[in-house]
Amino acid sequence: MNLYKNIVILTGAGISAESGVKTFRDNNGLWEEHRMEDVATPEAFMRDPHLVHRFYNLRRAQMSDVTPNLAHSALALLEANHRGSVTVVTQNVDDLHERGGSKDVIHMHGELGNVRCGHCAEVVQWHGDCDTKTTCPTCAAGGAMRPDIVWFGEMPFHMDRIYGLLAGADLFVSIGTSGTVYPAAGFVAEINQIGRAHTLEINMEPSVGASQFAETRHGPAGELVPVFVEEILRD
Ligand code: OAD
């Protein structure tokens, strides 16, 4: 542990795959039978808000059918037992890290469990369906609620805090992400520029940016992450 005081873990869809949540780019470019530009852009929401709400309502409902896997719980174990800091920066909008026991989790692409009012900008927790008729519980505006998800073309959340964490990291681990979507795909280059953290990729296959990592391990996260955590806690 003394080797790596501050640990930053970036996660993507691959860490939730063994829980039964579909990844984005493993299904002929379709995400749950939809093209991303039809459900994950502000333009799509303006064009067809019913479709976009229905899509995210289904994703939100699906959360109660899935449970955290061994990779999620291993990261929670690491956070609980490591004497330095362990922060999970996730691109995932599911809540499997939190349900797996992780406490310090940053959702840079938003959360399925939140909706936001386009009128007063208040973010509220949401468990059921949301649609074009939903009234804002804060300002009572009608029809202005949207999923609190970062869509393509929008600015990811918490970037100042994330870049601060990258600057202070001793170990950066990227798990289950294809390395195709920025700014997350650029974190390893950012770390390399600072030049002090060890970098490790854990992914089913080499990601687009695999060559930028000092160390790569390829295989299922549910097998490789518990092994990695055991190594860190043993050192
Ligand atoms: P992708 O679907 O692009 O990539 C998932 C990666 O996980 C792939 O490289 C897979 O090989 C790998 N993988 C699959 N199963 C795995 C397993 N069991 N163990 C380990 N790795 C596995 O998902 P992301 O990189 O997360 O953004 O996508 C990034 C962003 O693009 C998402 O957050 C989303 C999407 O558009 C927004 O919605 C804004």
Side-chain angles (χ1 to χ4, degrees), residues 9-45 51-53 55-56 58-60 62-63 66-75 88-97 100 105-114 116 146-159 162 172-188 200-213 215-229:
I9 316 249
L10 171 69
T11 65
I15 198 167
S16 297
E18 288 158 77
S19 294
V21 181
K22 290 222 172 90
T23 59
F24 299 96
R25 291 178 180 78
D26 292 339
N27 307 288
N28 303 320
L30 295 183
W31 181 20
E32 300 275 2
E33 280 79 58
H34 291 278
R35 294 185 316 153
M36 251 176 260
E37 50 271 38
D38 291 337
V39 291
T41 64
E43 293 77 19
F45 188 57
L51 172 72
V52 175
H53 272 304
F55 179 80
Y56 284 99
L58 284 170
R59 307 280 76 73
R60 196 177 298 116
Q62 184 195 34
M63 283 304 103
V66 297
T67 48
N69 63 53
L70 292 175
H72 296 105
S73 46
L75 293 183
V88 173
V89 177
T90 188
Q91 298 167 90
N92 298 343
V93 295
D94 65 54
D95 61 356
L96 292 175
H97 281 300
V105 183
I106 300 176
H107 284 272
M108 61 181 291
H109 289 168
E111 293 177 66
L112 280 171
N114 289 340
R116 180 166 88 236
R146 59 162 279 182
D148 193 33
I149 302 284
V150 175
W151 289 324
F152 282 95
E154 297 185 319
M155 180 64 82
F157 299 151
H158 314 296
M159 292 313 296
I162 292 169
F172 173 72
V173 190
S174 173
I175 304 171
T177 176
S178 58
T180 47
V181 175
Y182 284 81
F187 289 171
V188 63
L200 164 65
E201 166 170 289
I202 298 178
N203 203 47
M204 190 64 96
E205 64 204 356
S207 75
V208 173
S211 63
Q212 299 177 76
F213 288 84
E215 186 186 350
T216 54
R217 300 181 187 186
H218 297 129
E223 286 175 24
L224 298 186
V225 176
V227 171
F228 150 74
V229 166

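Ligands are counted one by one from 1 in listed order, and the atoms in each one are counted from 1 as well. Numbering starts at 1 and runs along the sequence shown.
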### Message
As a test of understanding, state which of Asn92, Asp95, Asp148, Ile149 forms a side-chain contact (heavy atoms from CB on, under 4.5 Å) with Leu112.
### Response
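That would be Ile149.
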
### Shell of residues surrounding ligand 1, defined by a 4.0 angstrom heavy-atom cut-off that is strict
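Residues near ligand 1: Gly12, Ala13, Gly14, Ala17, Glu18, Thr23, Phe24, Arg25, Asp26, Met36, Gln91, His109, Val150, Phe152, Gly176, Thr177, Ser178, Val181, Asn203, Met204, Glu205, Gly219, Pro220, Ala221.
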
#### Entry: Whether Ser19 side chain and Val21 backbone form a donor-acceptor pair below 3.5 Å
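Side chain of Ser19 to backbone of Val21, a donor-acceptor pair under 3.5 Å: no, none is there.
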
### Query
According to the interplanar angle, ranging from 0 to 90°, do the rings of His72 and His97 count as parallel (below 30°), tilted (30 to 60°) or perpendicular (above 60°)?
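His72 vs His97 ring planes: perpendicular.
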
### Query
Using 30° and 60° as the class limits, which term best fits the ring planes of Phe172 and Phe213: parallel, tilted or perpendicular?
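Answer is parallel, since the angle falls under 30°.
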
### Task
Could you pull out all residues at least two apart from Glu215 that satisfy salt bridge (Lys or Arg N to Asp or Glu O under 4.0 Å)?
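Listed in chain order: Arg217.
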
### Task
Answer yes or no on whether Arg59 is positioned over the face of Phe55, meaning its NZ or CZ is under 6.0 Å from the six-membered ring centre and within 45° of the axis.
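Yes.
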
